Structure formats: C-alpha cells, structure tokens
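Everything on this sheet refers to the single structure shown next.
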Number of protein chains: 2
Amino acid sequence: MQKVRIKDIAAIAGVSPGTVDRVIHNRGNVSDKARQRVLEVMQELNYQPNIIASTLAYNRTFRLAIMTPSPKHDTYWELPYSGITKAWNNVKHYGVMIDEYFYHPLLESSFQARAKQVLHDRPDAVLLAAETEKESLDFIHSCLKKNIQCMLINTLLESPDILGYVGQDSFQSGILAAKLLSNVVQKSDYLMIIHAEEHFEQSRHLIEKESGFRQFLEQHGNQKIEQLVLKNHSEDYIRMELGDFISKHGKPGGIFVSNSRGYLIAQALKELDAHCHLVGFDLIEPNIRLLNEGAILYLINQNAELQGYYALMSIVNKCILKKEVPARHFLPIDIVVPENVSYYLDSMHWLS
Amino acid sequence: MQKVRIKDIAAIAGVSPGTVDRVIHNRGNVSDKARQRVLEVMQELNYQPNIIASTLAYNRTFRLAIMTPSPKHDTYWELPYSGITKAWNNVKHYGVMIDEYFYHPLLESSFQARAKQVLHDRPDAVLLAAETEKESLDFIHSCLKKNIQCMLINTLLESPDILGYVGQDSFQSGILAAKLLSNVVQKSDYLMIIHAEEHFEQSRHLIEKESGFRQFLEQHGNQKIEQLVLKNHSEDYIRMELGDFISKHGKPGGIFVSNSRGYLIAQALKELDAHCHLVGFDLIEPNIRLLNEGAILYLINQNAELQGYYALMSIVNKCILKKEVPARHFLPIDIVVPENVSYYLDSMHWLS
DNA sequence: TGACAAATTGTGTGCGAACACAGTATCAAT
DNA sequence: ATTGATACTGTGTTCGCACACAATTTGTCA
C-alpha cells in the first residue's frame with residue numbers, strides 16, 4: 001500500500017507528468033496511444049490522487065452561502081449553525097469560505113432580500129433552510145440558472161434541482177412517538193396530542209408529526225385521540241387549559257407534545273397533580289430536567305447540530321472531494337430516557 | 001477572514017520565514033526580541049497554520065498497528081474494522097499507514113506473539129482491543145517504554161499510560177435494559193437475565209451488563225430476577241432449557257439477553273408459544289427480523305463500527321493534528337424499535 | 001583590534017499536484 | 001523548400017510549509 005505519484009506513472013508509462021495530468025483531468029491534447037498507456041498504468045498501480053497536494057495546488061476558494069433563519073430570532077438555529085461551524089473547522093483548509101445570509105423567520109420580505117443578495121454574490125453553493133415552499137422553489141430555480149448548487153437542510157422540499165437534503169424525518173418521528181406511548185398505555189385509554197404553537201398549521205414539521213402519530217394508531221388498534229392547541233406559553237394559561245380539558249375528557253393515557261415545549265405541559269401536569277405518560281421532543285435543559293424527574297417519559301431527539309455538520313460535510317464531499325453522497329440523509333430518531341441522555345448531550349464533543 | 005501565511009508574518013515582523021517557523025515550532029535559536037515581535041504579529045493577524053501545506057511538507061508517515069481479535073474468528077470485529085477502514089479513507093493522506101496484527105480471541109499465546117511483533121516493528125501508535133487484563137497491561141507498559149502510543153477500544157482498562165479509550169459503557173447499557181423492561185412489566189412478575197455464552201464469567205462486558213441490570217432493579221422496586229446461562233447455541237438445546245425453566249418458574253415478565261443472541265431466545269419462545277417482552281443487543285440481521293416481527297421488544301445498540309471510526313480519528317486528531325481529544329469516549333446507547341431501526345443501520349453511509 | 005566560537009537569521013530545496021506555456025512533431029498548402 | 005496550422009508533449013512555476021544548510025551577527029578573549 002505504498003503511495004503512487006503522477007511522476008511514477010509518468011515514468012512507467014514513458015510519458016511526462018504533464019501528460020498524465022491531462023489524462024487524469026480529461027484535458028484533451030493527448031494521443032490515444034499515450035492515454036491508453038497511462039490509464040493502464042494507473043489501473044495497474046491503483047493510483048489514488050493525493051488530495052492534500054491537489055488541494056494545495058488548486059489554490060481555489062469555494063464560497064458557501066448559509067441561508068437559514070437567524071439564530072437570534074429563533075434559537076433552534078443556533079444548533080445547526082454550531083454544527084456548520086464545527087464542520088467548517090475540519091474543512092476550511094480546502095479553501096471553503098462561509099458567508100452568512102440569515103433571514104428573519106417570519107418575514108417573507110427578509111427572505112427575498114437575502115435571496116437577492118445571494119444571487120448577486122454568486123457563491124459556489126448555498127446551504128438553504130427552505131422554510132416557505134414557493135419562494136424557496138423560485139430561489140432554487142434561480143440558483144440553478146446561475147450555476148449555484150443548493151443543499152437543503154431541516155425541511156425537505158421535493159425538487160430535482162437540489163444537491164441533497166439533510167434533516168429530520170418528522171412523519172417517522174410521529175410514528176415513533178405513537179409506538180412508544182402505545183407500549184405503555186391501556187387500550188381503553190385515550191391519547192392526547194398537544195401542539196404548543198399557535199400557528200401550528202403553518203409548520204410542516206408539526207403537521208407531519210401529527211400525521212405519523214395518527215397513522216400508527218389507526219394501524220394499531222385505532223386508539224382514541226384528542227387534540228389540543230395551546231395558543232401561548234404562559235404557565236397559567238397552560239395549566240388552566242389542561243385542567244379544563246382533563247375535567248372534560250378525563251385523564252389521558254398518554255400525551256404527545258409535538259414540539260420542544262413538553263416541559264411546559266409536564267410542569268402543568270405536576271401542578272395539577274395529574275401525572276401521565278408524556279413523550280416530547282428535543283434535548284433542551286427544562287425537558288431534560290423533567291425527564292430525569294420522571295415527569296417526561298421519553299424525549300425524541302433528532303440532533304440538530306449534526307444536521308448542520310452533515311450538510312456542510314456533504315457539500316464538501318460532493319463539490320470538492322467529488323465523492324458520492326446520498327441525496328437524502330435523515331438523522332437518526334433517538335429515543336432518550338434518563339439512563340442514556342448523557343450520551344446525546346454534546347454529542348459532537350469529539351469534533352474539533 | 002483572508003488567509004495569513006508564514007511569509008506575511010515574516011514580512012510584517014521584519015524577519016525571514018525561517019525565523020517565524022522556528023518560533024512556531026519552538027525550535028529555539030531565536031532572540032527574545034524576534035520571538036516577541038513574531039508572536040505579536042501572529043496574534044494580531046490571527047495566524048492559523050495551513051495544515052494542508054504543512055502535511056505535504058512534513059512528508060512523514062505515521063504507522064498505526066491495529067491489534068484486535070481477528071474478524072475471521074469473531075465476526076463482531078468486522079464492524080470496528082470496517083469503521084477503522086472508513087476513517088482511514090479520510091485520513092490516509094496525512095501519511096497514515098495501517099498494519100494489522102489480528103490475534104485469536106481465545107488463544108493467549110496468539111496475543112503474546114502479536115504483541116511481540118508489534119514491539120519489534122515499533123509503530124507510532126497501537127489501536128488495541130485489550131481483551132485480557134494482565135497481558136494487555138504488560139503490553140501497554142512495554143509500548144510506553146518504546147514510545148508507542150496506545151489507544152484502547154471496546155474494553156476499558158484503567159491505565160494512566162493510555163492515549164484514550166473509545167467504546168461501550170456496558171454497565172450503563174445493563175441499567176438501560178432494566179429500565180426499559182421495568183416500564184412494561186407488572187411489579188409482580190419476575191425478570192429473567194440470560195447469558196447465551198458458556199464462559200460468560202470471563203467476559204467483562206457481560207458481567208458489567210448484569211451488574212447494571214441488577215443495580216437498577218435493586219434501586220427501583222427490587223423486582224425478582226432469575227438467571228439462566230445457555231451453554232451452547234443449538235436451537236433444540238435452547239428450546240428445551242427455556243421450556244424447562246418456564247415450567248419450573250412460570251413465564252417471566254421480561255427477559256434480558258446480555259449479548260447478541262437474543263434472536264435465538266426469541267425464536268425459541270415463539271416455538272414454545274410463550275411470548276414475552278425481550279430486550280437484546282446489537283443490530284444483526286436475525287435480531288432485526290425478530291424485532292420487526294414483534295418477538296423482540298427493544299434492541300440496544302452501541303454502534304461498533306463507529307467505535308473503530310472514532311478510535312482512529314481520535315488517534316489522528318491527537319497525534320497528527322495535535323488537537324485535544326477526550327480521554328474517554330463512550331458511544332451512545334441507542335434504543336432501537338422497528339420504527340427507528342433503519343436510521344441506525346448503515347449509520348455511516350455518509351462517510352467515504 | 002583581530003581571531004574565533006556561539007548565537008542567531010536568511011536562503012533554498014522539496015513535498016505532490018495543477019496548469020500555463022514553451023517546445024516539438026506532423027502534415028498540408030503554398 | 002518554406003510557411004502555417006494543428007496535435008501533442010515536456011518544463012517550469014505555484015501553492016504554504018518544514019527543514020537543512022549557508023550566511024550573518026554577536027559575544028568573548030587575547
């Protein structure tokens with residue numbers, strides 16, 4: 001397994017390094033005879049280009065635009081951004097440059113403005129969180145025309161023009177939540193799904209989680225489901241709503257909270273002295289605390305930091321290292337209990 | 001964030017690149033005045049060495065010895081080896097060379113012979129699976145004397161002389177198994193722990209899993225536990241043993257199989273028409289099949305492929321890239337059900 | 001002040017690959 | 001025979017860094 005260099009191939013094939021280089025990069029101006037010979041020798045010696053030397057010689061820069069909601073306006077996006085940063089630390093020497101184009105998650109005009117900037121700056125690729133469907137599709141199309149590659153993150157948008165997708169599988173995580181609850185509740189009990197988000201109809205992730213949840217239950221015993229939408233996050237409001245709901249419908253066998261606000265519901269239940277099995281999402285501090293206290297039964301985790309990490313790595317692998325990457329990369333859906341939570345916290349400490 | 005080169009620093013500090021180089025590498029023979037000036041400028045421009053160019057210029061080779069049980073004799077070791085190979089694909093350009101010193105897992109003499117070879121060949125580092133304590137400690141000590149770094153994998157051995165450890169936390173996975181079962185069984189039922197391994201007393205992992213399992217139950221309701229050791233893997237034998245056991249003790253509320261042979265027990269239970277909740281280990285094909293059929297309730301997964309991957313990456317990060325790496329790296333303990341199993345299979349497809 | 005050693009600093013080469021450019025060969029047209 | 005066009009090939013420079021070696025400065029003592 002010793003290293004084979006262009007020089008070596010050239011010597012054995014009886015040509016100059018330049019010719020070997022031309023063959024390797026299909027740069028033409030090589031006689032058929034020479035090309036054949038070079039290819040033969042390359043095959044024979046199993047030539048593997050030295051990517052280190054190659055990178056140095058190219059001396060290129062690869063400009064990547066990061067286009068996600070601003071972490072300042074939505075702290076969730078700190079996680080993917082952190083993953084992106086960690087990945088960047090591992091690949092910056094390939095000449096990768098990052099420019100941020102954070103947009104306001106609720107202002108469409110903000111997205112449009114950023115999109116315009118990106119198209120003007122013409123980076124080599126865009127890492128895009130496509131929060132709104134129509135605008136994003138238009139943008140992707142414009143990028144294509146300007147030869148800018150698009151990698152999607154967090155929300156999957158069906159488009160043939162994208163480089164790939166890295167993110168969650170919300171539907172499947174809804175299925176999983178249903179499975180976990182159905183393992184621990186009585187058939188006679190009803191289950192409850194809570195969206196702690198006023199405009200949950202506008203969040204594809206929440207809708208998909210609910211669909212998955214319902215589908216599983218329909219296919220496995222058709223347990224009864226009640227839904228509750230909590231319009232704000234104040235403790236009093238939630239406690240009242242829950243209290244009313246329970247006195248009306250009786251205590252549910254299990255509760256599925258579709259976003260990261262599980263801790264609010266668990267806390268309210270504690271205060272109402274009405275413990276029940278609760279499945280929530282995301283390893284944020286209050287959730288973990290209530291998980292450890294037993295007020296939350298399971299947390300489902302789709303590592304958002306890894307999302308950013310993989311997304312950037314995929315772009316680099318594909319565009320710079322010319323490796324094959326999967327078109328769709330779904331993060332694992334981890335089941336978290338107090339006994340294994342620590343392994344998922346700071347899951348990327350081993351990276352830079 | 002433009003790039004700063006040694007040249008640039010030299011020019012601004014008014015010295016030659018050679019001097020800057022000497023400062024960076026603490027190679028001495030630099031006047032205090034020059035060193036101060038250079039350090040100042042480096043600080044000011046936030047110099048980050050170009051590791052690509054550095055690697056190319058070093059033109060060193062780093063020889064790594066892989067010392068694990070032979071994958072031929074124990075197929076488990078195919079997984080770490082596969083992870084090692086994938087990691088190697090990502091770092092081979094740093095001049096990493098791998099030599100294999102597989103030993104026979106049951107022959108102590110085989111280990112000794114390999115150890116002798118390694119000490120003779122004097123690699124830069126060893127990736128060691130320390131299956132037996134005493135011999136391994138001796139070996140680690142010998143390595144230290146010859147300035148060979150040791151990274152442990154799979155089995156943690158307490159020694160101050162090691163570079164680090166990457167692997168499982170067996171005790172904790174036993175705890176987790178107990179937790180999962182206690183969530184689904186009646187307090188009145190008894191639990192069963194099965195070691196499908198004749199000489200389980202000699203396997204630290206199995207012992208630790210059992211300890212964890214028992215500890216959790218002692219601390220949470222003190223559920224009754226029965227133990228069964230299966231001395232061989234023949235279907236008839238297992239069915240008979242289980243049948244006898246159940247007719248003697250009654251059907252257990254849940255079964256914990258401490259190694260990857262859960263499928264054998266699940267199969268036997270099916271044939272005995274005695275379904276019960278079963279928690280097993282490892283995502284091997286028969287286990288996954290029986291998980292999907294519902295004959296296994298949970299599988300616990302500690303990705304053995306990642307183990308090899310992280311181990312090699314840790315060595316490279318530490319010894320070549322001079323980054324800090326954690327002294328102990330435990331793999332996550334994944335809870336696997338049919339609804340999320342696919343994400344853990346081929347979990348490394350995104351690498352090389 | 002000169003001689004000479006020690007301390008410090010500068011210069012140059014090589015790592016492997018990419019690519020511009022100069023150079024050679026071939027052949028047809030004049 | 002000379003020119004020009006085309007097809008092909010080799011050479012040399014570059015990337016940023018490491019390190020050997022040459023060159024220079026500084027210090028010491030007679």
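Since we're looking at a predicted model, the values are computed, not measured. Proteins come first, then strands; the chains are lettered A, B, ... in the order of their sequence lines, and each starts at number 1.
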Of A:D32 and B:P49, whose nearest nucleotide on DNA chain D comes first from the 5' end? A:D32
Any luck finding a side-chain donor-acceptor pair between B:E131 and B:Y103 under 3.5 Å? no
Would you mind telling me which residue lines up with the more 5' stretch of DNA chain C, A:Y47 or B:V30, judged by nearest nucleotide? B:V30
Closest-nucleotide ordering on DNA chain C, the 5'-leading residue of B:P17 and A:G18: B:P17
Verify the contact: side-chain N or O of [X] to OP1 or OP2 of [N], cut-off strictly under 4.0 Å; return yes or no.
X	N	result
B:H25	D:dC19	no
B:S31	C:dA7	no
A:S54	C:dA18	yes
B:R27	D:dC19	yes

[X], nearest nucleotide to its side chain (from [options]):
X	options	answer
B:A53	D:dG16, C:dT11, C:dT9	D:dG16
A:T19	D:dG10, D:dC8, C:dA18	D:dG10
A:R22	D:dG16, C:dC21, C:dG10	C:dC21
B:S16	C:dA17, C:dC21, C:dT11	C:dT11
A:V15	D:dC8, D:dG10, D:dA18	D:dG10
A:A57	C:dA17, C:dG10, D:dT9	C:dA17

Separation of atom [atom1] in [X] from atom [atom2] in [N], rounded to whole Å:
X	N	atom1	atom2	result
A:K33	D:dT9	NZ	C1'	12 Å
B:I51	D:dC15	CD1	C1'	16 Å
B:I6	C:dG12	CD1	P	17 Å
A:K92	D:dG16	NZ	C1'	15 Å
A:D21	D:dG12	CG	P	16 Å
B:N29	D:dA22	CG	C1'	14 Å
A:Y58	C:dA20	OH	P	11 Å
A:K7	D:dG10	NZ	P	15 Å

NA contact type, [X], heavy-atom cut-off 4.0 Å: base, sugar-phosphate, or nothing?
X	result
A:N50	sugar-phosphate
B:L56	base
B:N59	sugar-phosphate

Please say which of B:I153, B:V166, B:L306 ends up in a side-chain contact (heavy atoms from CB on, under 4.5 Å) with B:H329. B:V166
Do you know the tightest heavy-atom contact between B:L119 and B:K146? O-NZ, 3.3 Å
Under the side-chain contact (heavy atoms from CB on, under 4.5 Å) test, residues paired with A:E44 that sit two or more places apart: none
B:F62 side chain near B:I315 side chain, heavy-atom distance below 4.5 Å: yes
State whether A:R114 and A:E100 are salt-bridged, where the test is any N-O pair (Lys NZ or Arg NE/NH1/NH2 against Asp/Glu carboxylate O) under 4.0 Å. no
